[in-house]
Amino acid sequence: MKKFLLLSLYYSIISGEPFFQQNSIFPLQDKHVHGSSIIEAPNGDLLSCWFHGSGERTANDVLIKGSRLKKGSNKWDDVFDMADTPNLPDCNPVLWIDKNEKLWLFWIAVRANRWENSMLRYRTSINYFNKGSPDWNWQDNIILKPGEKFSETIQLAFEKHIDEPMWAEYALPYSRLIIDAAKDPEKRQKGWMTRIHPLLLESGRILLPLYSDGYNVSIMAISDDNGINWKASNPVVGLGPIQPSLVQKKNGHIIAYMRDSGLDPKRILKSISKDNGETWSFATDTKIPNPSSSIEVIQLKNGNWIMACNDTESGRNQMAILLSFNEGKSWEVKKYIAKHEHNSGITLAYPSLIQSSDELIHLTYSLKDKKGKTIQHAIFNEDWIKNNK
């Protein structure tokens with residue numbers, strides 16, 4: 001059976017035939033498992049991680065778990081621990097391999113059981129090919145210091161773009177609350193959370209996309225020295241632009257596609273940086289529906305873009321793959337990983353996307369149904385997306 005699957009996969013790659021398969025990384029179980037991330041190691045292995053526990057920010061038993069899919073295998077290895085801050089929830093892990101083939105794990109430790117108090121953490125490994133968890137050689141926290149420019153940018157953006165006609169002394173406008181909070185240096189330095197893979201620019205600059213549930217905005221952690229030091233970009237301001245996914249156009253402009261955590265209509269939000277991630281345009285709606293759920297966008301090796309998302313205004317009952325041939329100007333093709341009725345009790349959420357060295361596309365996502373929860377792993381090629389069957 002294993003040999004047949006591998007031969008079928010090889011034939012699909014060389015023949016251009018549509019290919020799709022998916023499996024669970026581990027059996028359905030009753031713990032909360034969510035927020036997965038996947039990467040390909042230089043030896044062809046796949047690594048995935050997610051957070052696991054009895055809840056999210058309010059459950060102190062939550063930790064980061066992981067598994068490995070050895071190259072040539074069709075079965076994920078036994079689950080192992082990746083990170084655990086004692087007595088604090090560990091959430092939103094992100095895996096990444098840098099240009100020197102060092103493995104990075106970014107995640108957050110939630111202090112006082114509130115997202116806005118989260119601490120941004122990371123650990124690295126140069127020995128991660130053996131069975132089980134990587135051998136971690138370094139661990140630290142990333143503490144960003146957004147300055148007065150952060151406050152000024154938020155105030156100018158809200159004053160220019162947000163019109164709030166209703167006002168009362170006992171009910172301050174949303175924009176006024178955020179503007180005032182942005183003036184607080186202590187609040188600016190905490191609560192920045194991970195979700196999506198970093199973007200490596202040709203210059204060597206690393207952009208780690210982050211967001212805040214305290215401010216309901218996003219920023220990028222920027223490193224120009226291979227992750228030794230980090231600084232904050234200007235914020236991505238709008239009505240709830242969070243969990244940014246970054247992709248770079250041929251002209252150098254960087255597009256951030258984001259979850260809509262704001263008002264109706266519920267749409268994926270978009271912002272543009274023309275200066276390598278330092279500053280960002282006001283986030284505006286695209287035409288793609290979003291039920292306040294995470295997305296990811298990547299550029300394929302042939303230059304096309306793909307997006308994984310829940311393409312509804314409410315509910316996470318369907319997972320779509322969108323394909324663009326013109327750098328996001330339009331998304332001409334759509335294919336569903338799975339699609340269920342809104343009241344089915346089945347949710348598919350929080351995608352993590354990569355394209356491996358053999359040009360196959362890998363997607364992990366959270367799957368929940370009436371029998372339990374797991375992390376699902378789908379493998380497909382671009383021809384499958386294009387195939388209308």
Side-chain angles (χ1 to χ4, degrees), residues 31-37 49-65 82-94 105-123 139-147 150-151 154 158 171-196 208-221 230 232-233 235-244 258-263 269 283 291-294 316 349-350 366 368 373:
K31 287 292 187 181
H32 183 55
V33 291
H34 197 34
S36 66
S37 183
C49 67
W50 57 90
F51 66 82
H52 165 109
S54 57
E56 292 193 356
R57 67 186 182 279
T58 60
N60 292 327
D61 66 342
V62 178
L63 73 162
I64 309 302
K65 295 276 193 178
M82 291 279 274
D84 184 14
T85 307
N87 301 314
L88 291 179
D90 294 286
C91 299
N92 288 24
V94 173
L105 170 65
F106 302 94
W107 83 99
I108 56 168
V110 186
R111 300 182 302 164
N113 300 110
R114 296 183 66 90
W115 292 129
E116 66 269 30
N117 291 327
S118 295
M119 178 181 295
L120 179 57
R121 316 201 73 186
Y122 76 93
R123 54 190 357 186
Q139 178 170 312
D140 205 348
N141 303 317
I142 298 175
I143 302 175
L144 300 176
K145 290 184 63 178
F150 177 91
S151 174
I154 285 183
F158 274 110
L172 293 177
Y174 170 83
S175 58
R176 175 50 54 191
L177 295 174
I178 300 299
I179 289 169
D180 288 346
K183 297 176 182 178
D184 187 328
E186 193 267 340
K187 289 179 179 176
R188 295 198 298 256
Q189 291 184 24
K190 65 179 184 178
W192 294 108
M193 300 191 287
T194 44
R195 170 61 199 119
I196 305 295
L208 175 63
L210 303 170
Y211 72 103
S212 165
D213 272 7
Y215 289 112
N216 219 16
V217 302
S218 295
I219 63 170
M220 312 305 151
W230 298 86
S233 73
V236 184
V237 189
L239 287 175
I242 64 170
Q243 298 177 345
M258 291 160 288
R259 166 180 173 171
D260 186 346
S261 187
L263 302 175
L269 295 163
S292 190
S293 185
S294 182
R316 300 175 176 181
Y350 275 50
S366 307
K368 175 184 176 182
K373 306 168 187 176

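If you read the sequence from its start, that first residue is 1, and numbering goes on from there.
- The two residues V236 and A283 come nearest to each other via the heavy atoms CG1-CB, 4.3 Å.
- The backbone N or O of S54 lies less than 3.5 Å from a partner atom in the side chain of D61, making a donor-acceptor pair.
- The side-chain contact (heavy atoms from CB on, under 4.5 Å) with F51 is formed by just one residue from the set K65, K31, H32; it is H32.
- For the side-chain contact (heavy atoms from CB on, under 4.5 Å) criterion with R121, the lone passing option out of T194, N141, D140 is N141.
- For K187, there are no salt bridge (charged side-chain N to carboxylate O under 4.0 Å, His left out) partners, not counting sequence neighbours.
- Classified by interplanar angle (parallel below 30°, tilted 30° to 60°, perpendicular above 60°), the ring pair W192/Y215 is parallel.
- Side-chain atoms of S218 come within 3.5 Å of backbone N or O of P241 as a donor-acceptor pair.
- Of the possible donor and acceptor atoms, none in the side chain of S37 sits under 3.5 Å from a partner among the backbone N and O of V94.
- R188 places a side-chain N or O within 3.5 Å of a backbone atom of P146 that can act as its donor or acceptor partner.
- R57 places no side-chain N or O within 3.5 Å of a backbone atom of E116 that could act as its donor or acceptor partner.
- Note: H34 and Y350 have tilted aromatic rings, judged against thresholds of 30 and 60 degrees for the angle between ring planes.
- With hydrogens and angles ignored, the 3.5 Å screen pairs no side-chain donor or acceptor of R259 with any backbone N or O of I242.
- For D90 (side chain) and T85 (main-chain N/O), a donor-acceptor pair under 3.5 Å exists by modelled atom type.
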